[in-house]
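Each remark here refers to the structure printed beneath this line.
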Amino acid sequence: MSEVPSMPETLSAKAAPVLGKTPGTNRSAARARAARKRAVLVQSTRALVLLGVIGLWEWMSRAEVIDPFNFSMPSKIWAQLKQWALHGTAQGSLWEQIWYTLYEALLGWGIGVVAGVVLGIAFGRIAFLADVLGPYIKVLNALPRIVLAPIFLIWFGLGPASKVASAVVLVFFPVFFNAFQGAREVDRNLVANSRILGASNRQVTLQVVIPSATSWIFTSLHVSFGFALIGAIVGEYIGATKGLGLLVSSSQGTFNAAGVYAAMVILAVVALLAEGLLTFLEKRLFRWKPAQPGEDR
């Protein structure tokens, strides 16, 4: 007769798989592998699309399907970037031009963000202030703000102040309206509970309203830095002594299409680096938020 396994042996045999990875762990590992594979696929596809567009552009220019004088070609743009990087521009070192534009954009962005957040929160918290000054804000927002650049040039001259002013007016409004909406969308139960616990208006604003509006504010920061670059570039294009906008204007004046595209490439790289930094900071600050469907965390 065969021996019947004892009860402890049977239980230990059934419990053996449990000692390894649990089903939940296996599912998490599978999801992580799938996320990594998808990230690799997305990055590879992006690179292929970029290479395809560059290759098609180069071929069409060389085959004269498009006019190489007006549209230039990637190889000439690369040669222009190398020339600027190694030998400088007519206005000086390329890195000096980049820093000049970046300085104007960052200063205008910082001033616009601070002003937009402070006034947006204030308008969201003080109904009387919003009722009185709200129509004026809407009228100013309706103005085409790019046309203010020549006025700032007359007021502040060819120096960086006119470019900073252009960047400020472009940055202020998206940040202001997001901060205002964020202050208005705060959970009223949180505010009521804070008041029950004895919080003052200042404490409610600093400890409840501003943290709740932070996600709204960060949403506007992604867009507003691009606006700051636009303000600085437009101001330099109209009149400046240094900067990437002046490079664009000079290249256009000499019918150097490769120079115009080269300056645009530099601006795109700067904007992408700034966007990556903002995204990194946002993920660090909002690690508590659940990831949205399809969002990489």
Side-chain angles (χ1 to χ4, degrees), residues 98-126 129-130 133-134 136-149 151-153 155-156 159-186 202 204-236 243-245 267-289:
I98 294 174
W99 168 245
Y100 199 77
T101 299
L102 193 57
Y103 163 76
E104 295 165 346
L106 284 173
L107 185 57
W109 182 71
I111 296 172
V113 166
V114 172
V117 169
V118 171
L119 290 180
I121 296 295
F123 277 46
R125 292 286 295 147
I126 306 172
L129 189 65
L133 299 180
Y136 297 106
I137 295 292
K138 292 178 180 178
V139 169
L140 293 174
N141 184 48
L143 292 175
R145 291 181 291 279
I146 288 296
V147 301
L148 295 175
I151 298 176
F152 292 145
L153 188 65
W155 287 355
F156 304 116
S162 57
K163 289 72 179 174
V164 171
S166 297
V168 168
V169 297
L170 288 175
V171 169
F172 170 79
F173 289 97
V175 176
F176 169 82
F177 284 112
N178 271 43
F180 173 78
Q181 191 65 29
R184 286 293 181 91
E185 294 291 332
V186 175
R202 179 175 175 274
V204 170
T205 300
L206 294 178
Q207 299 179 16
V208 177
V209 176
I210 292 179
S212 298
T214 304
S215 59
W216 287 81
I217 294 169
F218 258 92
T219 300
S220 67
L221 297 187
H222 291 279
V223 180
S224 61
F225 186 77
F227 287 163
L229 278 177
I230 292 171
I233 292 297
V234 169
E236 292 171 351
L244 294 176
L267 286 171
V269 171
V270 171
L272 287 175
L273 290 175
E275 172 68 18
L277 179 60
L278 286 172
T279 302
F280 172 77
L281 292 176
E282 185 177 13
K283 288 182 177 180
R284 295 285 294 179
L285 288 173
F286 297 106
R287 284 179 293 181
W288 53 269
K289 289 179 62 177

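Since we're looking at a predicted model, the values are computed, not measured.
Residues Phe225 and Leu106 meet the side-chain proximity criterion, which asks for heavy atoms closer than 4.5 Å. The shortest distance between side-chain heavy atoms of Asn178 and Ile217 does not fall below 4.5 Å. Side chains of Lys163 and Leu153 form a contact here, defined as non-hydrogen atoms less than 4.5 Å apart. In this structure the side chain of Ile146 reaches within 4.5 angstrom of the side chain of Leu170, judged on heavy atoms. Inter-residue side-chain proximity for Leu267 and Val270 is flagged as unmet; no heavy-atom pair is nearer than 4.5 Å.
A pairwise comparison of heavy atoms in Tyr100 and Pro160 identifies OH-CD, 3.3 Å as the closest pair. Of all heavy-atom pairs between Ala167 and Gly108, the closest is CB-CA, 3.9 Å. The minimum heavy-atom distance linking Ala271 with Leu229 is given by the pair CB-CD1, 3.9 Å. Residues Thr101 and Leu244 approach most closely at OG1-N, 2.8 Å, considering heavy atoms. Heavy atoms only, all atoms of each residue included: Ala179 and Gly116 are closest at CB-O, 3.9 Å. Taking both residues in full, the closest heavy atoms of Ser166 and Gly231 are given as CB-O, 3.5 Å, listed atom of the first, atom of the second, then distance.
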* What do the steps show when you test Leu133 against Tyr136 for side chain to side chain contact (heavy atoms under 4.5 Å, CB included), and what is the final call? -> CA-CA 5 Å; Leu133 299 180; Tyr136 297 106; 4.2 Å; yes
* To do: Applying side chain to side chain contact (heavy atoms under 4.5 Å, CB included), run through Phe177 and Ile137 and close with a yes or a no.
  => CA-CA 10 Å; Phe177 284 112; Ile137 295 292; 3.8 Å; yes
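A ring-centre distance under 6.0 Å is not found for Phe173 and Phe227.
Within 6.0 Å of CZ in Phe156 there are more than 12 heavy atoms belonging to other residues, nucleotides or ligands.
Using the six-membered ring where Trp is involved, Phe176 and Phe180 have ring planes that are parallel, under 30° apart on the 30 and 60° scheme.
Checking Trp109 against Ser224 by side-chain atom types alone, a donor-acceptor pair falls below 3.5 Å.
The side-chain contact (heavy atoms from CB on, under 4.5 Å) with Val168 is formed by just one residue from the set Ile111, Leu107, Val113; it is Ile111.
Annotation: the span from Gln181 atom CD to Ser220 atom OG amounts to 12.0 Å, rounded to 0.5 Å.
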